[in-house]
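Each chain gets a letter, A, B and so on, in the order the sequences are listed, and its residues count up from 1.
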2 protein chains.
Amino acid sequence: MANQLDAIFSALGDPTRRAVLERLTDEPAAVSDLHGPHNMALPTFLRHLKVLEQAGLVRTHKTGRVRMVHIEADPLAQAETWLQQQRSLWNGRLDRLDALVQQEKDVKT
Amino acid sequence: MANQLDAIFSALGDPTRRAVLERLTDEPAAVSDLHGPHNMALPTFLRHLKVLEQAGLVRTHKTGRVRMVHIEADPLAQAETWLQQQRSLWNGRLDRLDALVQQEKDVKT
DNA sequence: CAATTGGTTAGCCATAATGCTAACTAAATC
DNA sequence: GATTTAGTTAGCATTATGGCTAACCAATTG
């Protein structure tokens with residue numbers, strides 16, 4: 001995937017993965033704990049985790065036989081920034097439209 | 001796809017589609033104009049547009065033989081809201097951690 | 001040290017996504 | 001009315017994604 005944003009947004013485009021992130025905003029958790037509520041085989045679930053990890057959205061470290069997973073705020077912020085930029089450009093456009101309308105009004109009076 | 005967010009985030013997870021949206025924040029455009037800068041066959045590009053449309057990110061209407069495409073702000077806002085919620089929960093958690101640390105300090109003094 | 005627990009690896013299958021070309025329709029223009 | 005232009009539809013090939021089972025390793029626990 002070319003862009004970092006590709007990986008981030010793609011990762012977010014799956015309900016299982018978003019649910020994992022939602023859970024992780026609360027506190028870090030072990031792989032099995034995260035797996036618990038999701039009705040799928042563990043290896044399948046593990047691959048979702050790997051997608052999140054490769055997008056940089058979570059990090060993990062293993063101690064003993066337990067792997068702990070914690071959320072990483074930065075990539076979420078990146079995604080948010082892109083969206084905000086779109087909105088601000090969009091708003092800028094609306095402002096310019098507004099200005100045009102004003103101009104029209106001014107001409108007519 | 002279960003959730004609306006699935007469709008939105010998945011659609012955003014592709015550089016061509018994000019580029020189209022970036023272009024459309026400026027002003028609406030015809031299909032061919034949008035296609036111009038992208039090095040792919042028109043039918044392929046059309047399918048990207050369809051993905052954006054099904055996610056509600058753009059709307060189109062055809063007049064004569066030209067189909068105009070314009071951006072739709074709402075779904076972008078939805079995505080942004082989800083990200084903001086995650087961040088605010090995350091911040092809440094940091095605040096609680098902070099409180100714990102403070103408590104520790106207080107106990108020690 | 002045997003059994004359990006937590007996680008991992010490998011391999012398979014089905015479906016969806018992304019790219020293409022070829023052939024077509026319908027509107028605009030010459 | 002013939003030609004060009006804008007878009008559409010159909011069909012094909014390749015790769016990515018999301019699910020599974022089976023077999024395995026390594027750390028705990030009994």
Side-chain angles (χ1 to χ4, degrees), chain A residues 1-24 27-71 75, chain B residues 1-21 23-24 27-71 75 79:
Chain A
M1 255 173 297
N3 200 317
Q4 178 74 7
L5 280 179
D6 291 4
I8 296 170
F9 279 125
S10 300
L12 293 176
D14 176 283
T16 301
R17 294 194 287 259
R18 281 201 312 283
V20 167
L21 290 178
E22 283 168 12
R23 160 100 195 249
L24 287 177
E27 55 178 351
V31 166
S32 320
D33 291 349
L34 289 172
H35 174 227
H38 298 283
N39 189 26
M40 63 180 66
L42 183 56
T44 304
F45 183 75
L46 255 177
R47 289 236 303 289
H48 282 296
L49 276 187
K50 201 166 287 178
V51 170
L52 287 172
E53 197 168 7
Q54 283 180 346
L57 285 160
V58 304
R59 274 197 215 166
T60 74
H61 56 105
K62 196 171 182 177
T63 60
R65 65 184 169 177
V66 174
R67 180 176 295 280
M68 292 298 289
V69 186
H70 61 96
I71 201 172
Chain B
M1 255 174 296
N3 198 316
Q4 177 75 8
L5 280 179
D6 291 3
I8 296 170
F9 279 125
S10 301
L12 294 177
D14 176 282
T16 300
R17 295 193 287 259
R18 283 201 310 284
V20 167
L21 290 178
R23 160 97 195 249
L24 287 176
E27 55 178 350
V31 166
S32 320
D33 291 350
L34 289 172
H35 173 228
H38 298 284
N39 190 27
M40 62 180 65
L42 182 57
T44 304
F45 183 75
L46 253 178
R47 288 236 303 289
H48 281 295
L49 277 187
K50 202 167 284 177
V51 169
L52 288 172
E53 196 168 7
Q54 282 180 347
L57 286 160
V58 304
R59 272 196 216 167
T60 75
H61 55 107
K62 196 171 180 177
T63 60
R65 65 184 169 176
V66 173
R67 180 175 296 279
M68 293 298 289
V69 185
H70 62 95
I71 202 171

Measuring from the side chain of [X] (C-beta onward, heavy atoms only), which nucleotide among [options] has the closest atom?
X	options	result
Leu46(B)	dT9(D), dC20(C), dG6(C)	dT9(D)
Lys50(A)	dT8(D), dT18(C), dT9(C)	dT9(C)
Lys62(A)	dT8(C), dT18(C), dG18(D)	dT8(C)

Starting from [atom2] on [N], measure out to [atom1] on [X] and report it in whole angstrom.
X	N	atom1	atom2	answer
Phe9(A)	dT17(D)	CZ	C1'	20 Å
Gln54(B)	dT18(C)	CD	P	12 Å
Asp33(B)	dA6(D)	CG	C1'	11 Å
Asp14(B)	dA17(C)	CG	C1'	10 Å
Leu49(A)	dT17(D)	CG	P	16 Å

What's the spacing between Thr16(B) OG1 and His48(B) NE2 if we round to 0.5 Å?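 It comes to 4.5 Å.
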
Which pair of heavy atoms, one from [X] and one from [Y], lies closest together, and at what distance?
X	Y	answer
Arg23(A)	Ala29(A)	NH2-CB, 4.1 Å
Asp6(B)	Asp14(A)	OD1-C, 4.2 Å
Pro75(B)	Gly56(B)	CG-O, 3.1 Å
Ser10(B)	Gly13(A)	OG-O, 3.3 Å

Is there a side-chain contact between [X] and [Y], using heavy atoms and a 4.5 Å cut-off?
X	Y	value
Thr60(B)	Val31(B)	no
Val69(B)	Glu53(B)	no
Leu57(B)	Val20(B)	no

Where does the angle between the aromatic ring planes of His38(A) and Phe45(A) fall among parallel (under 30°), tilted (30 to 60°) and perpendicular (over 60°)?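 Taking Phe45(A) first and then His38(A), their aromatic rings lie parallel (interplane angle under 30°).
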
Under-3.5 Å N/O pairs linking protein and nucleotides 28-30 of chain D:
{"from": "dT28(D)", "atom 1": "O4'", "to": "Arg65(A)", "atom 2": "NH2", "distance (Å)": "3.4"}

For dG19(D) and His48(A) - does any side-chain N or O of the residue sit under 4.0 Å from the phosphate oxygens OP1/OP2?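 Affirmative; the distance criterion is met.
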
Taking OP1 and OP2 of dT5(D), is either one under 4.0 Å from a side-chain nitrogen or oxygen of Arg67(B)?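 No.
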
So which of residues 37-45 of chain B are in contact with DNA chain C, with a heavy-atom cut-off of under 4.0 Å?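 Within residues 37-45 of chain B, the residues near DNA chain C are Met40(B), Ala41(B), Pro43(B), Thr44(B).
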
